[in-house]
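A short worksheet on the structure shown next.
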Amino acid sequence: MNKIFEIPLYPYAHSPDQDASIPVRRKVVVIGAGPIGLGAAIDLAQQGVQVVILDDNDKVSFGSRAICFAKRPLEILDRLGCGQPMVDKGVEWDVGKVFFDNREVYSFNLQPETGHRRPAFINLQQYYFEEYLVDRVRELQAQGAPIEIRGRNKVEAIGTHDDHVTLEVETPEGAYTLEADWLIAADGANSPTRRMLGLDFVGRVFEDNFLIADVIMEANFPTERWFWFDPPFNRGQSALLHKQPDNVWRIDLQLGWDIDKEREKRPENVIPRLREMLGDKVEFELEWVSIYTFQCRRMEKFRHGRVLFAGDAAHQVSPFGARGANSGLQDTDNLCWKLGMVMAGKAPETLLDSYDVERIHGADENIMNSTRSTDFITPKSETSRIFRDAVLDLSEQYDFARPLVNSGRLSVPCTYDGSPLNSADALDGPSRTRPGSPCPDAPLGDDFLLSRLGGRFTLLTIDADAPDSFEEDGVEVTRLALSVRDDPTLELKRRYLGDCDSAVYLIRPDQHVAARRPGFDETHFRTALRRALGKE
C-alpha cells in the first residue's frame, strides 16, 4: 500500500484564532482540502486575498479517485503554479479505443491538432494531485502569501448573515468560532455544508453499480483509454482500463443494480473478476477498491448569499467522461477572479450572480453529456440495448455510426453562450473563439499564447493597433500585441482570425473571451469591460 496515505500533509497545529475572546474575522474560508478547495485557495492567495482552508482530515484522499485531468484544467493549473509537476508525473494520452465483445470497433484521437502546450489528457492519481497542491500552498506561504491550511479542523455548524458567515469548528483541543466575509464550500459530494444549510440536489440517480479497482502490475498495454461493451470477462456489462503512474492501472467493472456492495468489495470476490479480465499469468496487487453509483445531479443555485459552492459539493456527474474534478477546477477558475474583484471593490457583488449563471450552464452541459453516456452504457430497455449493439456493430466499418458510440463523452471546457458578461460578437471570426469561449492555445515561437495571457484582463490584438493599456473604474487592461507572423504554423490565424485580416479580443482573467472586434474602438471596449465586470 502506498505510504502517501499514511503521512499527514497538513497536521493539526494550534491557531491563535482558537484563543481569541471574540471570533476572528477572516476574508475567505474554504471548507475542504481536496483538489477544488485547494485550487480555489491558491487562486485567491495569488491575488493577495487572505484565505484559510479548513479540513477535518490531515492527509491526502485515500485511493486514486479522480485520475483523468483534461487539457483545460491543466492550463488552469499552470496559472496556479502547479501544472508542470502534474504533467511531469502523469501519464499522457490522446487515444481512446472502444471494444464490443472482444473486437475493437472504434478509436479516436482527442487532440488531433498541433500547437498546444498541454496534452489532451493525463492520468494521475488524486493523491499526487493533492500533494502537489499542498506543496504549492507551502511555496506561497514561504513567499508571504496570505494562505493557511488547518488540518483536523471540522466545521460543525454554520450561521449565515448579510455581511459574513459564522463557523463553529471542532479541533483535537476543543471547539472555537470563526467568521468569514465569504465561505467557499468545496467539501465533496456528501457536503456537510450543504446539509447544514438545509440544501439539496436535484437530478437523477441511476440504477447501476460499478467496481473501481486500482491494480499494481507490470503490463504492456499501450497508454490509451480502453472501454469494453459486453466483454467476455464481464458479460452483459461494461469495463474500462486506464494506465496511471507507478505501474498502477485503473479498472472499472459494471456490476449491475441489485448487489451487496460490501461483499463485492472483498478481495476474495474482486480478484477472481480481475483474473478473468487479465488472465491467470498476470501478477497483480490490489491497491484500492471502491464501488460507486451513477449520479447526475446539481444544486438549484451555487451561490447562497455569502456561501459559494464548487465542485462535487455543487454538482455530481457519472465518472465516465472525467467531468468531476475537471469541471470543479473550472468552477473555481470562474469564481475566484470574480470574488477577488468584488472584494477589491472593483466590481459589484452582483458579479457573483454570473458565477451561478455560467457554472450552472456548465454543470447542465456536463449532466446532459453524462446522462447520455450512462443511457448508452446501461440501456434501460431491450429496445435500447438492440439499438446500442447495432451502433457498435456498424461503427466497426462505417464512419457515420462512430459519433453515436458513447462510452463517456470526455471533458471539454464550457463555452458561456448567453452569459450576461458577454458583448455581442462583432467579428466574423472562428466560432471556437466567439464571446464566452475559453481561449484555445496557440504556439508563439518558443512560447504559447495562454502563458502570455496570464490571469488578468488582457486586450489581445492581432495585426491591429491599440493603446498599451487602458483603465476603467480601477481595473487595468493590458495589451498583448501579436501578429500572424509570430506563428509560422498559422494556428494563431486559424483559431483567432479565420478569414479576417485583424482582430482585437478582450480576454477575461479566466481566459474566456468577453468581446471581439476587427479593430480597437475605445468606447466599445470600455463598455465591454464594464459588462464583463457586471456593471452593465
Side-chain angles (χ1 to χ4, degrees), residues 79 333-334 337-338 340-342 344-348 350-351 353-355 357-358 361 413-442 444 447-487 490-536:
R79 298 208 303 282
D333 192 45
N334 185 289
W337 75 266
K338 296 173 180 177
M341 287 286 180
V342 170
K346 296 179 179 180
T350 51
L351 176 62
D353 293 335
S354 71
Y355 170 65
V357 172
E358 293 182 339
H361 176 77
C414 177
T415 295
Y416 303 131
D417 287 317
S419 169
L421 306 189
N422 295 346
S423 290
D425 194 359
L427 182 74
D428 187 20
S431 175
R432 68 188 294 183
T433 45
R434 65 189 183 274
S437 302
C439 290
D441 210 356
L444 299 175
D447 203 355
F448 287 88
L449 174 62
L450 296 187
S451 62
R452 299 279 298 276
L453 290 178
R456 60 189 182 276
F457 274 104
T458 302
L459 191 72
L460 171 64
T461 64
I462 304 174
D463 293 318
D465 292 328
D468 290 339
S469 65
F470 69 91
E471 184 177 308
E472 180 75 16
D473 293 343
V475 177
E476 184 177 21
V477 180
T478 304
R479 181 188 181 199
L480 173 60
L482 299 178
S483 169
V484 294
R485 295 186 298 274
D486 297 321
D487 173 25
L490 296 181
E491 293 298 342
L492 181 68
K493 174 176 173 58
R494 279 190 280 269
R495 294 168 194 176
Y496 287 87
L497 289 183
D499 294 331
C500 301
D501 295 326
S502 64
V504 180
Y505 283 76
L506 178 64
I507 311 297
R508 300 175 358 177
D510 58 359
Q511 298 182 347
H512 279 251
V513 175
R516 64 179 187 174
R517 303 182 67 83
F520 180 74
D521 180 293
E522 183 171 349
T523 300
H524 281 101
F525 277 100
R526 286 187 179 275
T527 301
L529 176 60
R530 291 181 59 81
R531 183 173 293 113
L533 290 166
K535 296 179 178 180
E536 289 285 329

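Just so you know, these numbers come straight off a predicted model, no measurement behind them.
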### Query
Crowded around D501 CG? As in, over 12 foreign heavy atoms under 6.0 Å?
no
### Query
Nearest heavy-atom pair of F457 and V475: which atoms, and what distance?
CD1-CG1, 3.8 Å
### Query
Which atom pair, heavy atoms only, marks the closest approach of V484 to D463?
N-OD2, 3.3 Å
### Query
Do the side chains of L449 and L480 get nearer than 4.5 Å, heavy atoms only?
yes
#### Entry: Any donor-acceptor pair under 3.5 Å from Y496 side chain to G429 backbone
no
### Query
Looking at OG of S483 and CG of L444, how far apart are the two atoms once the value is rounded to the nearest 0.5 Å?
10.5 Å
### Query
Once you round to the nearest 0.5 Å, how far does CG of L506 lie from CZ of R516?
13.0 Å
### Message
Whether the side chain of R495 engages the backbone of D441 through a donor-acceptor N/O pair (distance < 3.5 Å, no angle test) should be reported.
### Response
yes
### side-chain contact (heavy atoms from CB on, under 4.5 Å) partners of S437, counting only residues at least two apart
T415, R434
### Query
Roughly how far apart are D468 CG and L459 CG, rounded to 0.5 Å?
10.0 Å
### Task
Measure across S354 and K338 and return the closest heavy-atom pair with its distance rounded to 0.1 Å.
OG-NZ, 2.9 Å
#### Entry: Within 6.0 angstrom of D417 CG, more than 12 heavy atoms from elsewhere
yes
### Query
side chain to side chain contact (heavy atoms under 4.5 Å, CB included) between L421 and L351: does it pass, once the steps are laid out?
CA-CA 9 Å; L421 306 189; L351 176 62; 3.9 Å; yes
### Task
Taking all non-hydrogen atoms of both residues into account, name the closest pair between P348 and V342 and its distance.
O-CG2, 3.4 Å
### Query
Atom CZ of R517 and atom OH of Y505: how far apart are they, to the nearest 0.5 Å?
13.0 Å
### Query
Under 3.5 Å, is there a donor-acceptor pair between the side chain of R432 and the main chain of P440?
no
### Task
Spell out, as yes or no, whether a donor-acceptor pair under 3.5 Å connects the side chain of E358 to the backbone of N334.
no
### Query
Please, which pairs that meet side chain to side chain donor-acceptor pair (under 3.5 Å) have at least one residue in residues 451-460, sequence neighbours excluded?
D447-S451
Please table the atom pairs, donor to acceptor, closer than 3.5 Å between any side-chain atom in residues 525-535 and protein atoms at least two apart or in another chain.
| from | atom 1 | to | atom 2 | distance (Å) |
| --- | --- | --- | --- | --- |
| R526 | NE | E522 | OE2 | 2.9 |
| R526 | NH1 | E471 | O | 2.5 |
| R526 | NH1 | E472 | OE1 | 2.8 |
| R526 | NH2 | E522 | OE2 | 3.1 |
| T527 | OG1 | T523 | O | 2.9 |
| R530 | NE | E536 | OE2 | 3.1 |
| R530 | NH1 | D473 | OD2 | 2.5 |
| R531 | NH1 | S423 | OG | 2.7 |
| K535 | NZ | K346 | O | 3.2 |
| K535 | NZ | D473 | OD2 | 3.2 |

